Amino acid sequence: MLVSKKNIIFITVYPFNEDYALKYGFDILSKRGFNIVILNVFNFLHPEALEELQYNKLLEPVMGIEQFWIESGKDLRKHLDSIRGWKIAFLVVFPGIKLLRILKSANVDYIITNGNIHPPVMGEGKTIFGRFLRIFKTMIANPATFFSSSFMGKVKNYMYRLSYRFAYFFGIRYPEYYFLGSETSPYCYPPPKTQVIHAHSFDYDRYLRNKCKPKAEYIPDGEYYVHIADTPWGGHDYPILNITGGISKLDYSKIINEFFDFVERNTGKRIIIAAHPKHTDEDNVYNERPFLYDTEQLIKYSSGVICHYSGAVKFAVIHKKPVCFISIWKMKGDTFFQNNIIAHAKALGSEIHYIDRDADLQQMLNKGIFSYNPAGYEDFERKYIKLDTNEDRLFGDIVADTLLGKIASNG
């Protein structure tokens with residue numbers, strides 16, 4: 001493994017690609033003198049989902065940076081020990097106790113970031129006590145809901161997010177830095193010993209990078225709408241979150257494409273699919289509609305945005321594009337999915353349109369497919385997208401400035 005005096009170790013459960021490298025500012029960090037190492041701990045943390053996701057088949061070099069597939073805790077410790085010089089771990093994963101104990105034993109400090117801030121889902125408390133109280137009330141009032149895979153998945157992830165907060169009791173270290181994209185984050189519980197660094201959201205960072213970029217040739221000519229793709233039949237996150245999808249892939253494909261046909265027929269505008277960086281051709285269920293990956297630029301030149309829910313809805317807010325939030329009656333039992341749609345639509349002052357019943361589609365036409373609420377957009381931008389104090393600094397520079405300052409202070 002490459003030896004360097006300044007190492008940033010990105011620990012992740014997702015295979016990094018060029019888009020993720022750009023998101024975390026690899027280009028900037030490399031120019032500022034940092035050596036980057038990627039350790040994928042998916043097999044170590046989520047062996048139960050290995051067969052379903054098979055992420056190990058997707059590992060490939062990113063900007064010449066090798067990704068190492070970590071098989072066990074012992075393997076992780078070996079890789080951490082082999083990296084010589086100053087080093088710090090950047091966690092692109094929920095900071096569970098199992099992982100944090102290995103970082104402590106290897107004497108490696110770590111960074112947490114919450115740069116993809118989203119509106120809190122229904123019932124999320126504003127304090128740690130409030131969220132634990134909600135979990136307890138759910139268990140008492142509705143044991144069936146509490147012990148469902150969907151709700152238990154949320155409890156598990158909540159505990160993952162908070163494990164570092166109670167470092168003293170778990171025998172682990174507090175995070176050295178917490179890069180926070182909003183002061184209103186529902187998961188904003190940085191411990192007192194952690195230095196909080198304010199930075200805008202990752203999506204605003206992408207907007208800054210693309211601000212002067214000319215229109216690409218693959219951006220369609222003429223008016224079009226963008227659909228921010230999702231995988232509610234299960235997709236990539238569901239096995240990790242221990243959640244079962246509320247609809248089959250086949251049923252979803254039929255419903256969503258019939259809806260797109262309906263919109264295109266009634267508006268005269270075609271629909272372009274904006275794929276998530278993690279999506280592959282297997283996630284393309286959209287009947288040969290263009291399936292493209294440059295979400296920010298696609299939204300910038302669009303006439304409107306359709307989505308269930310997504311962090312990329314921030315691009316619609318930044319570019320002041322009208323939105324259409326959609327859901328499916330057949331998925332009402334998937335509380336994880338539905339509550340996130342409700343949270344995003346409520347935050348923007350928008351209505352949710354159900355797309356699998358003719359009467360609802362007609363009502364949508366009568367009310368208008370898209371909505372734009374200036375006050376809601378302004379509030380959303382202030383809470384979840386950027387802070388005015390550093391809006392023109394890229395995330396990579398904020399991280400580099402912070403870490404180089406620490407290194408200089410330590411001599």
Side-chain angles (χ1 to χ4, degrees), residues 1-113 115 160 163-164 172-173 175-177 179 202 236-237 239-241 276-280 395-396 399-400 403 407:
M1 189 175 290
L2 186 64
V3 175
S4 173
K5 290 183 179 180
K6 301 188 292 290
N7 299 280
I8 301 180
I9 308 161
F10 282 82
I11 298 181
T12 176
V13 293
Y14 296 116
F16 263 65
N17 55 22
E18 294 294 346
D19 188 271
Y20 269 66
L22 195 65
K23 175 178 179 178
Y24 288 95
F26 281 17
D27 56 336
I28 296 172
L29 295 173
S30 296
K31 288 178 181 177
R32 302 289 297 273
F34 290 97
N35 174 56
I36 296 172
V37 179
I38 304 173
L39 302 182
N40 192 302
V41 295
F42 174 70
N43 191 20
F44 168 46
L45 295 184
H46 302 286
E48 72 285 351
L50 244 187
E51 184 176 348
E52 185 170 353
L53 292 181
Q54 297 185 339
Y55 276 154
N56 56 326
K57 295 182 179 180
L58 302 177
L59 293 183
E60 58 185 34
V62 174
M63 297 174 60
I65 300 169
E66 189 174 0
Q67 302 190 51
F68 294 89
W69 185 253
I70 302 301
E71 298 292 340
S72 64
K74 184 177 180 180
D75 192 26
L76 175 59
R77 176 62 190 270
K78 180 189 74 174
H79 277 82
L80 292 173
D81 289 344
S82 70
I83 302 172
R84 303 303 178 188
W86 184 92
K87 53 192 170 186
I88 194 167
F90 196 120
L91 303 190
V92 190
V93 58
F94 292 153
I97 298 170
K98 184 164 64 170
L99 171 62
L100 296 183
R101 282 179 173 163
I102 293 175
L103 290 179
K104 180 183 178 181
S105 68
N107 196 30
V108 175
D109 289 322
Y110 63 98
I111 298 168
I112 291 176
T113 183
Y160 266 3
S163 59
Y164 64 87
I172 57 180
R173 294 188 178 193
E176 186 75 11
Y177 299 103
F179 286 87
F202 287 131
H236 300 268
D237 291 340
I240 291 177
L241 298 176
H276 190 279
K278 290 198 295 282
H279 288 168
T280 66
F395 180 74
V399 174
L403 297 184
I407 295 171

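Every value quoted in this text rests on a predicted model; they were computed, and no experiment measured them. Residues: numbered from 1 along the sequence shown.
Using a 4.5 Å heavy-atom threshold, the side chains of V41 and V13 count as touching. With contacts defined as side-chain heavy-atom distances shorter than 4.5 Å, the pair L103/L100 qualifies. Side-chain contact between K278 and Y20: present, with at least one pair of heavy atoms (C-beta onward) separated by less than 4.5 Å. By the 4.5 Å heavy-atom criterion applied to side chains, I83 and H79 are not counted as neighbours.
The only member of I38, L39, L91, I111 that meets side chain to side chain contact (heavy atoms under 4.5 Å, CB included) when paired with I9 is L39.
For the atom pair I102 CD1 and I97 CD1, the distance stands at 12.5 Å (nearest 0.5 Å). Rounded to the nearest 0.5 angstrom, Y177 OH and I88 CD1 are separated by 6.0 Å. In this structure, the separation between CG on L29 and NZ on K6 is 11.5 Å, given to the nearest 0.5 Å. Rounding to the nearest 0.5 Å places OG of S105 at 7.5 Å from CG of D81.
Taking all atoms of both residues into account, the shortest heavy-atom contact from N40 to P15 is ND2-N, 3.5 Å. Across S72 and I70, no two heavy atoms sit closer than the pair O-CG2, 3.3 Å. In plain terms, the two heavy atoms of K87 and V108 that are nearest each other are CE-CG2, 4.1 Å. Of all heavy-atom pairs spanning D19 and P277, the tightest one is OD1-CG, 3.1 Å. Contact detail for I36 and S30: the closest heavy-atom pair is CD1-OG, 3.8 Å.
Counting only N and O atoms by type, the side chains of W69 and E71 include a donor and acceptor under 3.5 Å apart.
The aromatic rings of F90 and F10 lie parallel to each other, with less than 30° between the two planes, well short of the 60° mark. The aromatic rings of F16 and F26 sit parallel to each other, their planes meeting at less than 30°, with 60° as the upper class boundary. Ring-plane geometry between W86 and F34 is classed as tilted, the angle between the planes lying from 30 to 60 degrees on a 0 to 90 degree scale.
The salt bridge (Lys or Arg N to Asp or Glu O under 4.0 Å) analysis of residues 102-111, with sequence neighbours excluded, yields the pairs D109-R173.
In this structure, the side chain of K98 does not engage the main chain of G73 through any donor-acceptor pair within 3.5 Å. No donor-acceptor pair closer than 3.5 Å links the side chain of N7 to the backbone N or O of V37.
Taking the centre of each ring, Y24 and F202 come in below the 6.0 Å mark.
Using a 4.0 Å cut-off between charged side-chain N and carboxylate O, K78 and D75 make a salt bridge.
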